[in-house]
Amino acid sequence: MKKIMFVCHGNICRSPMAEFIFRNMLKKRGKESEFCVSSGATSSEEIRNGVGNPVYPPAKAELARHGISCEGKRAYQVKSGDYGKYDLFVVMDSANYRNMMRLFSNDSDKKLRKLMSYAGKDRDVADPWYSNDFEKAYNDIYEGCAALLDALLTEKDGF
């Protein structure tokens, strides 16, 4: 089983969108039993007294527009011990990448990757927190997840 964690700053917008978009893609291909998929945050900003906030309502609404539910998801902060639990950490932007490198004290097993790199693009996933453009973020994430899934199923990713 391949274990993948999508990561963004707060785990209330982009990374949960990626988690549930990717899960939906797996379900459509009948591959969900081959993967463990989750998402997490590099910060603790969306976690209070040990309880993570739910997915940000506009992100949840954008997923719902595409028939995807993220019900029950709450923010989770990535911990250094997670490095040994997952095969791949897919980050949404360069800041997340830097924060994860600090958290993991580097990436000796080459588990960190930026999502858009799978789509052959050297850029970050659009951040709807600042633009309020959740459709653009969805489109970026969908494109990256489709390319990631193709890479995983054809083993172009190094697994």
Side-chain angles (χ1 to χ4, degrees), residues 1-29 31-48 50-104 107 109 111-119 124-130 134-149 151-152 157 159:
M1 178 172 288
K2 296 174 182 169
K3 297 178 181 176
I4 301 166
M5 180 182 280
F6 293 98
V7 181
C8 70
H9 182 76
N11 192 218
I12 61 166
C13 291
R14 293 176 295 170
S15 61
M17 288 175 76
E19 174 185 350
F20 290 95
I21 289 168
F22 195 75
R23 284 181 184 211
N24 189 55
M25 290 176 173
L26 291 171
K27 184 177 181 181
K28 286 181 177 179
R29 291 206 186 173
K31 299 287 187 183
E32 62 253 86
S33 66
E34 298 175 29
F35 293 86
C36 172
V37 182
S38 65
S39 63
T42 59
S43 81
S44 62
E45 291 174 23
E46 296 297 334
I47 300 166
R48 305 283 185 268
V51 178
N53 288 331
V55 175
Y56 190 52
K60 185 176 181 177
E62 186 62 32
L63 288 172
R65 278 187 352 103
H66 298 275
I68 301 171
S69 172
C70 60
E71 207 55 50
K73 174 66 183 172
R74 293 203 165 260
Y76 168 80
Q77 185 177 18
V78 181
K79 297 168 180 49
S80 60
D82 289 330
Y83 193 79
K85 297 176 184 175
Y86 289 87
D87 301 304
L88 183 62
F89 295 88
V90 183
V91 300
M92 300 297 118
D93 63 37
S94 299
N96 304 147
Y97 188 89
R98 285 188 304 275
N99 289 338
M100 293 291 285
M101 288 293 278
R102 278 194 292 270
L103 176 67
F104 293 146
D107 182 23
D109 296 330
K111 295 182 179 187
L112 283 174
R113 312 242 176 94
K114 285 176 62 178
L115 180 60
M116 295 309 293
S117 69
Y118 285 97
D124 297 340
V125 170
D127 191 344
W129 187 257
Y130 300 103
F134 287 85
E135 182 178 10
K136 181 170 177 38
Y138 179 92
N139 291 336
D140 278 356
I141 294 165
Y142 187 92
E143 179 182 9
C145 282
L148 168 61
L149 183 56
L152 291 169
D157 69 340
F159 279 114

Sequence-distant partners of [X], side-chain hydrogen bond (donor to acceptor under 3.5 Å, both in side chains), two or more places apart:
X: Asn24; result: none
X: Ser94; result: Lys114, Asp124
X: Tyr97; result: none
X: Glu34; result: none

Smallest separation among heavy atoms of [X] and [Y], with atom names:
X: Met92; Y: Ser15; value: CG-N, 4.3 Å
X: Gly40; Y: Met5; value: N-CG, 3.9 Å
X: Pro128; Y: Cys13; value: CG-CB, 4.3 Å

*Just jot down the salt bridge (charged side-chain N to carboxylate O under 4.0 Å, His left out) partners of Glu19, sequence neighbours excluded, or say none.*
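If we apply the salt bridge (charged side-chain N to carboxylate O under 4.0 Å, His left out) test to Glu19, skipping adjacent residues, the hits are Arg23, Lys73.
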Is any side-chain heavy atom of [Y] closer than 4.5 Å to one of [X]?
X: Val51; Y: Arg48; value: no
X: Leu115; Y: Phe22; value: no
X: Met101; Y: Leu112; value: yes
X: Thr42; Y: Leu103; value: no
X: Leu148; Y: Phe6; value: yes
X: Lys28; Y: Met25; value: no
X: Tyr86; Y: Val7; value: no
X: Pro16; Y: Cys70; value: no

Hey, could you give me the [atom1]/[atom2] distance between [X] and [Y], rounded to the nearest 0.5 Å?
X: Lys60; Y: Met17; atom1: NZ; atom2: CE; result: 13.5 Å
X: Ile141; Y: Cys8; atom1: CD1; atom2: SG; result: 8.0 Å
X: Phe104; Y: Asp82; atom1: CZ; atom2: CG; result: 6.0 Å
X: Cys36; Y: Lys2; atom1: SG; atom2: NZ; result: 13.5 Å
X: Ile68; Y: Tyr138; atom1: CD1; atom2: OH; result: 4.0 Å
X: Asp140; Y: Cys145; atom1: CG; atom2: SG; result: 10.5 Å

Please identify each residue that fulfils side-chain contact (heavy atoms from CB on, under 4.5 Å) with [X], with sequence neighbours left out.
X: Lys111; answer: Tyr83, Phe89, Asp107, Asp109
X: Ala75; answer: Asn11, Ile12, Glu46, Ile47
X: Ser43; answer: His9, Glu45

*Given side-chain contact (heavy atoms from CB on, under 4.5 Å), test Arg29 with Leu149 step by step and report yes or no.*
CA-CA 10 Å; Arg29 291 206 186 173; Leu149 183 56; 4.0 Å; yes
*asked:* Going by the rule ring pair (Phe, Tyr, Trp, His ring centres under 6.0 Å), which residues pair with Phe20 if we only count those two or more places apart in sequence or in a different chain?
replied: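 Not a single residue meets the ring pair (Phe, Tyr, Trp, His ring centres under 6.0 Å) criterion with Phe20.
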_Exam field: side chain Lys3 to backbone Met1, donor-acceptor pair closer than 3.5 Å_ =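 The answer is no, because no donor-acceptor pair under 3.5 Å joins these two groups.
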*Looking only at atom types and distance, does a side-chain atom of Lys136 sit under 3.5 Å from a main-chain N or O of Ala126, one as donor and one as acceptor?*
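Judged by distance alone, no pair lies under 3.5 Å.
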*What pairs of residues pass the salt bridge (charged side-chain N to carboxylate O under 4.0 Å, His left out) test when at least one of them lies in residues 90-101, not counting sequence neighbours?*
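Matches after skipping sequence neighbours: Arg14-Asp93.
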*More than 12 non-hydrogen atoms from neighbouring residues, nucleotides or ligands closer than 6.0 Å to CZ on Phe35, yes or no?*
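Counting neighbours around CZ of Phe35, more than 12 heavy atoms of other residues, nucleotides or ligands fall under 6.0 Å, so yes.
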*Fit a plane to each ring of Tyr56 and Trp129, take the angle between them on a 0 to 90° scale, and name the class: parallel (under 30°), tilted (30 to 60°) or perpendicular (over 60°).*
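Geometry flag for Trp129 against Tyr56: tilted rings.
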